[in-house]
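Below: the structure, in structure tokens.
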Amino acid sequence: MIALVDCNSFYCSCERLFRPELAGKPVVVLSNNDGCLIALTPEAKALGLEMGTPLFKARSLIEAHGVEVFSSNYTLYADLSSRVVATLRTFAEEMETYSIDESFLKFSPGVTDYEKLGRTIKKTVKQHTGIPVCVGMGPTKVLAKLANRLAKKRPEYGGVMIMPEGREREEILRSVEVGAIWGIGSQLTARLSAIGCLSAWDLAAMNEEATRRVLSVTGARIAAELRGISCLEIEEIAPAKRNIVTSKSFGQAVTCKTEMAEVVATYMSRAAEKMRAEGTVTSCIRVFVETNHFQSKDPQWSGAASVTLDTASNYSPELITASLRALEACWREGYRYKKAGVMLLDLHDAGAVQTSFTTLGPEQQAKRDAAMRMLDAVNKQHGRGAVTVAAAGLAPAWRMRREKCSPRYTTRWSELREVKA
DNA sequence: TCTGGGGTCCTAGGACCC
DNA sequence: TCTGGGGTCCTAGGACCC
């Protein structure tokens, strides 16, 4: 049996944890740059607010009902996520942390009462971390995902749902739209409904040849999982990332190249830091710049350029130099840029670097590695950006908007919650 | 005025090889 | 009038997820 444990309105729950007076009140959390609504409590959804809506379109509803609004505070969410994961780990024999708010758990044999186990997990996570979760269980990942969705959507389950077998399962699958299945998005839903496949049961009942033809191999796997045949393994150790992207839109449009160079240097520093944490190196980087495509009256441009390195590297100064060369190649003067990004492609293990005539000697390489370790350690301890490269500039105007950000309650001594007693 | 960010996997088609 | 067959590798684009 596999369980999927999913935190309820996770970002909102994190914000509420330190603002208990918000329990039962509508709360939303915004995307980067305070752009869109990306997390909503049920109370906020009940007012008609929807995931993905731009803030400016939701403003009147938010103000009319006194909805509490937060900028996203990933430092806080990541820390609380790790606490939830640590609690879940005590219940599972195998576990996969699927996203910041979801984990798959596999139990040791001998469990007899899954319903009871599910309730214990839910209660314990709440008690240890303050975060409410729902638990869904089934013999495959897709069925566990579905059980979790039902646990969340159908009040009769009380937040814990165990996928039944046989006739009962058939009835449940018949009552679920095919688009509600994990891995079946809007395009595939349209393709399926065109051939009369409307419910989860219809998909499970399709023959393999047909699912493969209509949905390709990924779809065929999903259909098999719906039948209870496991095709998706629990991945306890996340494989190293193959690509790393750092991109963000700006609080204020960027129009001059020197400013854009600061953006690119800043994003590259961050991307390189992520890469070093993964223990990988890159031999190909890409930079892109974009105007605001929502502003259709403005002239539009989106450019991108790649640079290949002779020897794969994770040394920030070298990567920044390369990224600025890429910027030279994709920059066009005279536009109002809204977004830029850097991509690290073709990542490999740092221990298996292909050398060339220009590769550094071991001593010089060791010096670079030590410098980067020091840089990362300082920034980890003192907060992101405590030490940066000069090319990143100071106090930039393009930095993202975060007007309603809560304190880093759990990771900064100076931002601890104060309680009067 | 204001519209997120970061990933993965699969397929089709072109380039290239013998 | 006639113009092979069978591979591999790479990339772009589309689909999905949270």
Side-chain angles (χ1 to χ4, degrees), chain A residues 4-11 28-40 50-60 62 69-74 77-78 81 96-104 141-142 145 148-149 152 178-192 211-222 231-232 235 238-253 267 270-271 274-275 278 284 286 288 290-298 304 306 308 336 338-347 400-404:
Chain A
L4 178 71
V5 181
D6 186 324
C7 303
N8 303 346
S9 313
F10 181 55
Y11 298 168
V28 300
V29 175
L30 305 176
S31 63
N32 274 340
N33 232 3
D34 294 347
C36 299
L37 278 48
I38 53 163
L40 301 85
E50 285 176 23
M51 164 93 171
T53 310
L55 175 60
F56 71 92
K57 287 188 183 168
R59 200 141 240 163
S60 58
I62 284 172
V69 178
F70 291 93
S71 304
S72 37
N73 182 350
Y74 287 101
Y77 311 151
S81 170
E96 172 183 343
T97 304
Y98 176 67
S99 75
I100 195 165
D101 71 334
E102 284 177 54
S103 292
F104 286 104
K141 280 180 154 184
V142 168
K145 260 296 221 186
N148 186 287
R149 182 189 169 91
K152 208 172 265 185
V178 73
I181 302 301
W182 184 40
I184 306 295
S186 60
Q187 301 302 309
L188 298 185
T189 302
R191 223 180 280 174
L192 286 168
T211 53
R212 197 173 264 271
R213 201 178 51 241
V214 180
L215 305 174
S216 91
V217 300
T218 22
R221 277 186 210 131
I222 293 165
C231 302
L232 307 171
E235 287 182 356
K241 287 186 172 58
R242 303 174 58 162
N243 304 298
I244 287 174
V245 177
T246 296
S247 76
K248 257 187 240 343
S249 35
F250 311 133
Q252 221 174 84
Y267 291 2
R270 177 66 191 129
K274 291 185 204 168
M275 177 169 56
E278 290 266 318
C284 181
R286 191 170 175 81
F288 65 88
E290 293 173 1
T291 49
N292 185 352
H293 52 272
F294 289 105
Q295 222 60 51
S296 48
K297 7 181 201 2
D298 282 4
S306 303
T308 306
R336 294 172 53 76
K338 180 63 182 167
K339 183 176 180 175
V342 304
M343 306 163 100
L344 309 178
L345 309 167
D346 197 22
L347 299 177
M400 71 174 175
R401 253 193 312 276
R402 285 174 94 184
E403 285 171 5
K404 315 237 176 205

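None of these values were measured; they are calculated from a predicted model.
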When we call it a touch if two heavy atoms are under 4.0 Å apart, what does [X] touch: a base, just sugar-phosphate, or nothing?
X	result
L188(A)	sugar-phosphate
R221(A)	sugar-phosphate
N32(A)	sugar-phosphate
D34(A)	nothing
I100(A)	nothing
T246(A)	sugar-phosphate
S186(A)	sugar-phosphate
R242(A)	sugar-phosphate

Return the set of residues passing side-chain hydrogen bond (donor to acceptor under 3.5 Å, both in side chains) with [X] (not counting sequence neighbours), or none when no residue passes.
X	answer
D298(A)	none
T291(A)	Q300(A)
N33(A)	none
K152(A)	D6(A)

- Task: Tell me, please, which residues at least two apart from F288(A) pass ring pair (Phe, Tyr, Trp, His ring centres under 6.0 Å).
- Result: none
- Query: Which residues pass the ring pair (Phe, Tyr, Trp, His ring centres under 6.0 Å) test with Y98(A), sequence neighbours left out?
  - Reply: F104(A), W182(A)
- Query: Once you round to the nearest 0.5 Å, how far does CZ of R336(A) lie from CD of Q295(A)?
  - Reply: 8.0 Å
- Message: Exactly one of I100(A), N73(A), L30(A) should register a side chain to side chain contact (heavy atoms under 4.5 Å, CB included) with Y11(A). Which one does?
- Response: I100(A)
- Which is the 5'-most and which the 3'-most nucleotide of DNA chain C that has an atom under 4.0 Å from a heavy atom of chain A? dA15(C) to dC18(C)
- Message: Suppose you measure atom P in dC18(C) against the same atom in dT3(B); what distance do you get, rounded to whole Å?
- Response: 25 Å
- Message: Return whichever of N243(A) or S31(A) has its heavy-atom-nearest nucleotide of DNA chain B closer to the 5' end.
- Response: S31(A)
- Toward the 5' end of DNA chain B, which comes first, G52(A) or R212(A), by nearest nucleotide? G52(A)
- Partners passing salt bridge (charged side-chain N to carboxylate O under 4.0 Å, His left out) against K241(A) (at least two apart in sequence or in another chain): E278(A)
- Base-pair map of DNA chain C as dot-bracket, where | denotes pairing with a different strand and pairs are Watson-Crick or G-U under 3.5 Å: ....||||||||||||||
